[in-house]
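These notes concern the structure reproduced below.
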Amino acid sequence: MVRVGAGFDTHRLVANRPLILGGVRIDYPRGLAGHSDADVVLHAVTDALLAAAGLGDIGDYFPDTDPAHRDADSSRFVAEAVRLLAERGWRVGNIAVTIFAEEPKLGPIKTAIRSNLARLLGLSEDAVNVQAKTGEGVGVIGRGEAIGCAATALIERVNGI
Ligand code: MG
């Protein structure tokens with residue numbers, strides 16, 4: 001048995017913050033604003049995993065009002081989602097993410113993000129895909145005011161559960 005889930009997130013680009021996408025720190029003069037490290041990719045992935053298992057959304061588990069998550073490494077949200085799935089007899093099959101960013105150009109960085117996502121999810125790299133799109137100069141993404149990410153996850157029943 002398999003199920004699919006989708007996740008989407010957007011964060012504002014601001015000065016004096018590190019830019020971290022998919023757990024990879026990127027050399028860029030601005031970063032994403034947020035309570036945690038604001039890793040829009042890992043937030044979308046976490047939501048896609050929770051959605052696939054019918055477990056709600058990231059805010060149900062990691063509210064941005066909780067001081068424990070201030071500047072948190074969002075890798076922990078992904079790890080917790082994987083743990084919640086495993087408790088219920090699910091493992092991740094594959095994951096696809098699309099990052100929407102006018103800048104920086106993500107072409108040279110996609111491979112590093114893919115490798116890190118594969119590592120975090122315990123998947124082979126061919127089970128992870130990372131696409132990068134610009135905003136074509138339109139809207140908050142196109143004006144470079146924000147970065148967005150959409151993620152789709154497939155999960156499958158672990159044999160014997
Ligand atoms: Mg977020």
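First listed ligand is number 1; within each ligand, the first listed atom is number 1. Keep in mind that what you see is a predicted model, and the values were worked out from it rather than measured.
- Protein N/O/S atoms found under 2.8 Å from the Mg ion (ligand 1), listed by chain and residue number: D9 OD2, H11 NE2, H43 ND1.
- Atom CG of D60 sits in a crowded spot, with more than 12 heavy atoms from other residues, nucleotides or ligands closer than 6.0 Å.
- Salt bridge R12/E145: absent, no basic N to carboxylate O contact under 4.0 Å.
- The pair E87-R83 meets the salt-bridge criterion, with a side-chain N (NZ, NE, NH1 or NH2) lying under 4.0 Å from an Asp/Glu carboxylate O.
- The CD1 atom of I147 sits 8.0 Å away from the CZ atom of R30 when rounded to the nearest 0.5 Å.
- Close placement of the H69 and F77 rings is indicated, their centers lying within 6.0 Å of each other.
- Across all their heavy atoms, A38 and H43 have their closest contact at CA-CE1, 3.9 Å.
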